[in-house]
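The structure appears below as structure tokens.
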Amino acid sequence: MPELPEVETTRRGILPHLVGQTVQAAIVRQPRLRWPIPADLPETLNRLAIRTVERRGKYILIGTSRGTLIVHLGMSGSLRILAPDSPPRKHDHLDLILANGTCLRFHDPRRFGCVVWTEGDPLSHPLLAELGPEPLSEHFDALYLHGKAQGRSMAVKSFIMDSRIVVGVGNIYANEALFRAGIDPRRQAGRIALLRYEKLIVSIRDVLSEAIEQGGTTLRDFVNENGSPGYFQQTLQIYGRTGAPCRRCGEMIRTQRLGQRSTYWCPNCQH
DNA sequence: AGTGCGGCCTGTCCGC
DNA sequence: TGCGGACAGGCCGCAC
């Protein structure tokens, strides 16, 4: 399930194959994603030059001479660079064929992802306009997070997973970061001291950048742009380890649904 | 305004 | 072996 590190890994992987290329054709096999792919997308993209491949949160922004293709991988999506004649497989919903013959292919079994076209400033698009700061940017610091948390009663885990607060912290990394920071995921966001938010900021940054270095976590669905799986799941400290001993203190790891999401914590290490 | 939940999807896994 | 059901989860949109 692509979280920010997987999205960033994908972006870096496809970028050199796309920038400077021209779209020769677009093939839509299944338009019904989270939002339908417009029927005229192939026509719109025809002969456009790709200039940039950027990321905002978990959205990949493919910038062209006329507008931007906003791609979200949802739960199970992937973007891969393929040879011109690669036969499509199940759930290969969209191809962009480039002038040099290579193919950018969007694959997404669960179809929680999206491919949206926008002209004008992509950051002003409704999907992106309300997003919070990037977790790896300097704007994301303890003063900001602590300030935003004032008066908020929701669980801190739900709070850091809110993309208006900070982008790119999905369920796996929220669990991992809170474990590292020693914070109980159920604790109310507004009842955590500045100093502890300092620790949480560092944990979120570390967990995400380590995963980016390693090429992104793989659970079941993620395949990186080369088709080979990542391997960060081996280093997970808390996620999915219900009933297993805490790697730090040996206490049995607990689990509970929090805001419809599986939540894991060590009752001894996290308060 | 803040909070919490339903719904969208399919593949995988488990129990019968 | 087949089958139903639970589960996984990002994020929008809605109801309270």
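Chain naming here is simple, since letters A, B, ... match the order of the sequence lines and numbering starts at 1 in each.
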**Prompt:** Taking the side chain of Arg110(A) as its heavy atoms from C-beta onward, which of dG10(C), dG2(B), dT10(B) lies nearest to it?
**Reply:** dT10(B)
**Message:** Expressed as a whole number of angstroms, how long is the span from Leu73(A):CG to dG10(C):C1'?
**Reply:** 11 Å
**Whole-Å gap separating C1' (dC11(C)) and CG (Asp108(A))** = 14 Å
**Complete:** Between the OH atom in Tyr173(A) and the CD atom in Glu210(A), the distance rounded to the nearest 0.5 Å is 10.0 Å
**Message:** Is His72(A) close enough to dG10(C) that one of its side-chain N or O atoms is under 4.0 Å from OP1 or OP2 there?
**Reply:** no
**Fill in**
Taken to the nearest whole Å, CD/Glu130(A) to P/dG2(B) is 13 Å
**Prompt:** Looking only at side chains, do His107(A) and Asp92(A) share a donor and an acceptor under 3.5 Å apart?
**Reply:** yes
**Message:** Take N1-N3 plus N6-O4 or O6-N4 for Watson-Crick, N1-O2 plus O6-N3 for G-U, both under 3.5 Å. Which runs of 3 or more such pairs involve DNA chain C?
**Reply:** B:2-16 with C:2-16
**Minimal non-hydrogen separation, Leu33(A) against Gly113(A), with atom names** = CB-O, 3.4 Å
**Item:** Nearest to side-chain heavy atoms of Lys90(A), which nucleotide of dG10(C), dG11(B), dA8(C)
**Value:** dG11(B)
**Asked** About how many Å separate CZ of Arg241(A) and CG of Asn175(A), when rounded to the nearest 0.5 Å?
**Response** 12.5 Å
**Message:** What is the separation between atom CG on Leu33(A) and atom C1' on dC11(C), rounded to the nearest whole Å?
**Reply:** 15 Å
**Asked** Ion pair present between Glu176(A) and Arg180(A), side-chain N to carboxylate O less than 4.0 angstrom?
**Response** no
**Asked** Base, sugar-phosphate, or nothing for Tyr59(A), non-hydrogen atoms under 4.0 angstrom?
**Response** sugar-phosphate
**Request:** Quickly work out the Leu128(A) CG to dG10(C) P distance and round it to whole Å.
**Result:** 18 Å
**Asked** From dC9(B), dG10(C), dT3(B), pick the nucleotide closest to the side chain of Arg152(A)?
**Response** dT3(B)
**Asked** OP1, OP2 of dC9(B) versus side-chain N and O of His91(A): anything below 4.0 Å?
**Response** no
**Request:** Working to the nearest 0.5 Å, report the span between CG of Leu69(A) and CD1 of Ile62(A).
**Result:** 5.0 Å
**Complete:** From CG of Asp162(A) across to P of dG13(C) the rounded distance in Å is 15 Å
**Request:** Look at all strands and tell whether Arg34(A) reaches a base, only sugar-phosphate, or nothing, counting heavy atoms closer than 4.0 Å.
**Result:** base
**Leu178(A) side, atom CG; Cys266(A) side, atom SG - distance, nearest 0.5 Å** = 13.0 Å
**Prompt:** Is the number of heavy atoms from other residues, nucleotides or ligands under 6.0 Å of Arg66(A) CZ greater than 12?
**Reply:** yes
**Request:** May I ask whether Phe112(A) stacks on the base of dC8(B), given the cut-offs of 5.5 Å between ring centres and 30° between planes?
**Result:** yes
**Asked** If we ignore angles and hydrogens, is there a donor and acceptor under 3.5 Å between the side chains of Arg257(A) and Ser262(A)?
**Response** yes
**Item:** Pro133(A) versus Arg56(A), closest heavy-atom pair with distance
**Value:** C-NH1, 4.3 Å
**Message:** From CZ of Phe159(A) over to P of dG4(B), roughly how many Å is that when rounded to an integer?
**Reply:** 13 Å
**Asked** Which is true for Ser153(A) with a 4.0 Å heavy-atom rule: it touches a base, it touches only sugar-phosphate, or it touches nothing?
**Response** sugar-phosphate
**Sorted by number, the residues of residues 253-263 of chain A with heavy-atom contact under 4.0 Å to DNA chain C** = Arg257(A), Arg261(A), Ser262(A)
**Distance, rounded to the nearest Å, where Met75(A) contributes CE and dC11(C) contributes C1'** = 11 Å
**Asked** Any idea which of dT10(B), dG4(B), dG13(C) is nearest the Arg111(A) side chain?
**Response** dT10(B)
